[in-house]
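To start, the structure itself, in structure tokens.
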Amino acid sequence: MVHSVGDQETQRPDVLLLVLALFPASMFLVLLYALITQPLPWAASWTWVPSLGIDLTLWVDGLAAQFLLLITGIGTLVLIYAAGYLAGVTGRARVALLLLLFMAAMIGAVISDHLIVLFMFWELTSVLSFLLVGFSHEQENTRRSAQQALLVTGLGGLALLAGFILLGQIAETYSIQDLIARADRFVGDARLSAALLLIFAGAFTKSAQFPFHFWLPNAMAAPTPVSAYLHSATMVKLGIYLLARLDAAFSDLLLWEVVLVAVGTSTAVGAALQTMRERDLKRILAWSTVATLGTLTMLVGLPGQGAALAVATLFFAHALYKAPLFFVAGNLDHGAGTRIIDQLTGMRRYMPWTAAAALLAAISMAGLPLSFGFIAKDVLTIAKAESEVFKAVSYASVFVSGVSVAAAAVAAIHVFWGRDTVPREAHPHEGSWPMLFPPLLLVTLGVLFGLAPTLVDPILGAAARAIAPGLDADAVRNAYDATPVISATLSAVLIGVVIYRNWDRMHALLERAHFLDVLGPESWYWRKLAFLPKLAAWLTRRLQHGRLPGYVLVLIGTCSVVLFALVGVTWPTWQAVEVSAPELPVLLACALIAAGALATLFVRDHLVLLLVSGLVGYGSAALFLFTGAPDLAFTQFAVETVFVVVAATLLVRLRRAPATASSALREPVLRPVALVVSITFAVVLTALLLFVSAQPFDSTLSEYFGAQSVPAAHGRNVVNVIIVDFRALDTLGEIGVLLFALLAALPLLRLGRGARSEAT
Amino acid sequence: MANSQVPNFFLALPEMWLLLAGCLVLVIDAFGRGKDRNTAYLLSQLTLAVAAVITVAMATDIRIFAFNDSYVSDMMGTVLKTFIYLVTAVVFIYSRDYLRERGLYQGEFFVLALFAVLGMMIMVSAHSFLTIYLGLELLSLSLYAMVALKRDDSDATEAAMKYFVLGALASGMLLYGMSIIYGVTGTLDVGQVAQRLASASEANNLVLAFAVVFVIVGLAFKLGAVPFHMWIPDVYHGAPTPVTLFVGTAPKIAAFAMIMRLLVEGLGDLHAHWRDILIVLSVLSMGIGNIVAIAQTNLKRMLAYSTISHVGFLLLGILSGTENGYASSMFYTLVYAVMGAGGFGMILMLSRSGFEADKIEDFKGLNDRSPWYAFMMLILMFSMAGVPPTLGFYAKLSVIQSLVDVGLVWLAVLAVVFSIIGAFYYLRMVKLMYFDKPVETAPLRANLDLRAVISVNALSVLALGLYPSALMNLCIVALTQP
């Protein structure tokens, strides 16, 4: 653990982290100023990798600006919070540095207009989050969850890349703005579904949507500032951001609507159920975050302008209430040493400021009036009413809101109010100012915006217009109808209260629902993780057994199969081949070769083996002799004889040496597979030879030498003329090589003589 | 005949310099006094440096032929050769301590490596089947001997024996294919083969299909594509790590050149024939390479399978049959050589007398022992996995894009799927380094030059990843030269 109870009161806030917080803070202020003074959108472009068509195109519209504000604003607060939370912890500088890098990657992801560049930043956030989650890596489960988070999001990222490339191919552009502009030209393309499904896979893994949702709660092993930033405020929203970004191009597609609404809704419901199975406050918050992300996905899928506004508002509201709640969980962990809700009651006495922040954040999360959360719920209800969704989606959404009311109540009431009945060693203590300022500021903003929504109207409107270009905010406002909003809020609160009152009972009930564990994608994830290494090990044993004959078999076997297939494919051409019967001497020579080759199969003694393999050589020599190449035949005779004599001498010598007792081959008598393979190979090669020899012979060269032999070189033996005249330089080279080889052999021979004289 | 002309020897000055210098190093080392082999080491480095200077200085923007068109000097050759020198020099730096601690610090290592470099240079600049084969054999023979450098080690000799037997067989196949092509076209010159193929008869086309199979078997073996990959894990594992490092990097560059000259330039007309074979080879290589790598406990073996999967990837660009595809393959090859050098270099840096550091668990908790080198390894692993913004990402991206461009979308998707599987074992390395307790606690001891170069090596993977255009343009320029 990164902390312990009691000794933290003496810890002073870490100055370095506070200084580092100035970076995002100044960026936030500059951005705010620019937003007020400069009209959106901002665009800039540089070429980067022209050969791959990758340009560094920046595009900041309302949606990107909203994200930029969240990234830099919450980033500042997270660093301030970390200055208190991680004070005195080793490695805090690394966390801060990684957080800053992560911030940069997030900024890059939301402002790049080029799909491939977006993907690069996207992957960078995965990698950096991996390093951040694994921060307190002494714990086994932290390591596992870091790896899990990286694998799931990293793999999803690669699917995303495939989707992007495909999409870029279909749209003939990688620029998102161009893509939206010419969407109507390619929406009919058959490949689009595949591209979109791949992109969904990437976005769903990143934003923890069903069935890839399981990694997010496990990633809660990360330090609280990291969870607050990555797993609630920024990174997990990147998937939704991408979907919202592309919404303008694809919102009319049925696939788009059906998949997003179905996946979003099932994620929200599933996560709501899982929320009630947890006792760890941070995991409760994590599951409720998943539920919100599901709602967001569903909203992106809904057509209509109200939905776009709802997405923008919920993005904002969620960041304003969920981040403070994570900070609250961190303060509890820090001050009371636990996040398990059974051991946390009446904390209000020890941590009044934290309690206040928790209460205000919870009101917003529950969507009660006068909070910004209420505004969000407002817009959400309108969006659903506007687009006439299935009743099931509507009911699901009310249920999810109810659970979120209950979860808010657990975080704000159960933990802080009532009596502290848990015996403890030391009194819990309130956090230092850097741990209180961020949550308090955020909840204050939440109340402020709840009271005066017009303050954030421009930015939310701009963001919504980026999602749905034709948005008319006034039309949305005019269509406002209070009745469904009030009824939705009332029913959500009602359900929430019921769940909260029966939290323990619900928990016990759901705890028994083990099928959720077994059937869940997480168990599938682990099973798959176990399957791959097993397959890999099996393949290794089968393919890499280390036996050379097996390797040779594969090599020749593959050739035989391919060549045989080739003969099969081109069979008609082969039928035309006419084979004339060979003359008797040629036949005899061939028989000699065949006899030699066959004999090698049955001989076990090295020396005899050498002799019978010599038959192959003599046979070929005989063949040359009878097919009009007597010079070649003589060379072959000579080489074969010398080779057999020299090799035999060596073998006899080796046999005398006591160390090499095993002169006989220890190979099995028959290898059926090898037999089949070699016969196939031989048949194919023979066929090829027959085919080739049936083709007309190109006699240009032999005619040339024959004609020029006498006039040009004054010699009647054409072979001799070729060797010593036409190709004299080659021959000289060959002689040179021979001489050099001899020169190298001389010292070796001398060495042998010396050794012998020493021995005697 | 053209034979009577004096060939333009001057063009092959880099090769001649290397031959001469290699022989000199051999002689100086043999007659040098004392056991210290620093002279051989320094002279070898000097040889490479001078060769690089000559090569770059002689670079022209047109293709020039020499030795009866059996030798070509072009941009592709210049770029590839320069990378070969660079990688080899890095190999020498990484290997020095390792060799010295194990009594392998002999002139033979350097001389054989220099001759292997000469072989590669010939392969790169060859423009005739015969020259290509000569270069290949010079390279292969040097490598066989290098693998067996640790004579008394049974693993090493076994690996060398397997490498030799299989390599000879594959060379035989290649030669057989070449001889068929000669039979059909009546020439060994790459350019003329290409010309005469255009007008080949139907019967000849059939025979050529066979030739293509044989040639590809030879090439696939040298590259290590499945199912001709069996030697790679055994040789990488059995050979001394510096030799593994050498075998795994520079020769791949030469093999790429060989493919370009033989398949693309010479047999380009038969693209339809070899494309399908290459598709099968690359799918098998990516699949088997990436899946089997997961089961490995030995890092050298894991990198061997990772090599196999990378080979599958670089074949993708070639089979696309477009200029862009070839350029992306060339880019992939160069990137792979740089990453591979870094990966094996890390093993060499962590190893010391009596400790090989070639098991995956030897990297456990590296972050606790040395955060900087853990970070370097992290960059290398991310790059091999293809995580942006490292070089490896662009390598994969450009290859995949060239596939999509020619409509092989299914293959592109398959490639992405396999790289997802591949990411698994690279990330496991990262997890081991960052989140596991170190088994080995001794602090890192390595010479300053090794530390510096390995840092530069890894950082360049990151830095070039931020600005990949330079290297990528180099590849495009090299391949689109008139």
Side-chain angles (χ1 to χ4, degrees), chain A residues 47-53 116 119-121 123-124 127 130-131 134 137 142-143 146-147 150-151 154-155 158-159 161-162 165-166 169 191 194 198 532-533 535-540 543-544 546 548 550-552 554-556 558-559 562-563 566 570 573-574 688 691-692 695 698 700-701 729, chain B residues 3 161-162 165-166 169-170 173 180 183 186 202-204 206-207 209-210 213-214 217 221 227-228 230-231 233-234 277 288 291-296 324 327 382 387-389 393-394 397-398 400-401 404 409 412-413 416 419-421 423-424 427-428 431 434-436 467-469 472-473 476:
Chain A
T47 48
W48 188 13
V49 193
S51 51
L52 290 178
I116 302 293
F119 164 77
M120 282 193 260
F121 285 114
E123 283 293 87
L124 209 55
V127 169
F130 165 70
L131 295 174
H137 58 262
T142 316
R143 278 188 266 132
Q147 195 190 6
L150 182 63
L151 269 179
L155 305 191
L158 286 170
L161 175 64
I165 293 180
L166 201 53
Q169 202 67 26
R191 294 169 296 169
L198 285 166
L532 262 182
L535 174 70
W538 180 81
L539 275 175
T540 314
L543 297 176
Q544 207 65 41
L548 187 57
Y551 293 173
V552 176
V554 172
L555 207 150
I556 306 267
T558 314
C559 296
V562 174
L563 294 172
L566 204 56
T570 55
T573 331
W574 291 82
L688 182 64
F691 185 80
V692 170
Q695 302 303 314
D698 179 8
T700 329
L701 216 54
L729 212 61
Chain B
N3 258 0
M161 193 63 203
K162 281 177 191 163
V165 171
L166 292 171
L169 206 60
M173 298 258 187
I180 297 177
E202 192 198 348
N204 276 343
L206 177 66
V207 179
F210 279 84
V213 173
F214 283 114
V217 169
F221 178 85
F228 309 106
M230 293 85 67
W231 62 278
D234 289 4
I277 306 181
I288 300 277
I291 291 172
V292 175
I294 293 173
Q296 306 309 312
N324 267 336
F382 276 167
V387 175
F393 166 69
Y394 293 97
L397 181 68
S398 58
I400 287 172
Q401 249 186 5
V404 175
V409 176
V413 172
V416 172
S419 50
I420 291 176
I421 296 174
F424 183 90
L427 297 182
R428 189 181 55 185
K431 183 210 150 214
Y434 276 84
F435 299 141
D436 281 7
Y467 190 70
S469 279
M472 209 168 272
N473 282 341
I476 291 172

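Please read these numbers as outputs of a predicted model, since none were measured by experiment. A, B, ... follow the sequence lines: proteins, then strands. Residue 1 opens every chain. When reading the values below, keep in mind they use all heavy atoms of this one structure, side chains included, and skip hydrogens, waters and symmetry mates.
- Only the side chain of A:V562 has a heavy atom closer than 4.5 Å to any heavy atom of chain B.
- Using a 4.5 Å heavy-atom cutoff, the side chains of A:L535 and B:I294 are not in contact.
- If you measure heavy-atom distances from A:T558 to chain B, the contacts under 4.5 Å come from the side chain alone.
- For A:Y551, the parts lying near chain B are the backbone and the side chain together; criterion is any non-hydrogen pair under 4.5 Å.
- Listed options A:L539, A:T540, A:V552 were ranked by heavy-atom pairs under 4.5 angstrom with chain B; first place goes to A:T540.
- Minimum interatomic distance between B:V217 and A:C559 (heavy atoms only, all atoms of both residues): CG2-SG, 3.5 Å.
- Of the residues considered (B:N473, B:V207, B:V404, B:I400), B:V404 shows the highest number of contacts with chain A, using heavy-atom pairs under 4.5 Å.
- Contacts of B:F228 with chain A are made by side-chain atoms alone, with heavy-atom separations under 4.5 Å and no backbone atom involved.
- For the set B:V165, B:V387, B:V409, B:L397, the entry with the most heavy-atom pairs within less than 4.5 Å of chain A is B:L397.
- The contact between B:V213 and chain A is made entirely by side chain atoms (from C-beta outward), counting heavy-atom distances below 4.5 Å.
- For A:L688, the part lying under 4.5 angstrom from a heavy atom of chain B is the side chain only.
- Looking at B:A412, neither its backbone nor its side chain comes within 4.5 Å of chain A, counting heavy atoms on both sides.
- Proximity to chain A involves both the backbone and the side chain of B:I291, based on heavy atoms less than 4.5 angstrom apart.
- Only the side chain of B:F221 comes within less than 4.5 Å of a heavy atom in chain A; its backbone stays farther off.
- Contact count against chain A (heavy-atom pairs under 4.5 Å) is highest for B:P233 among B:P233, B:A327, B:P389, B:P468.
- Closest of all the heavy-atom pairs between A:L563 and B:F214 is CD1-CZ, 3.6 Å.
- Contact count against chain B (heavy-atom pairs under 4.5 Å) is highest for A:L158 among A:L124, A:L158, A:I116.
- Using a 4.5 Å heavy-atom cutoff, the side chains of B:M230 and A:V554 are in contact.
- Heavy-atom pairs under 4.5 Å with chain B peak, among A:L198, A:V127, A:L166, at A:V127.
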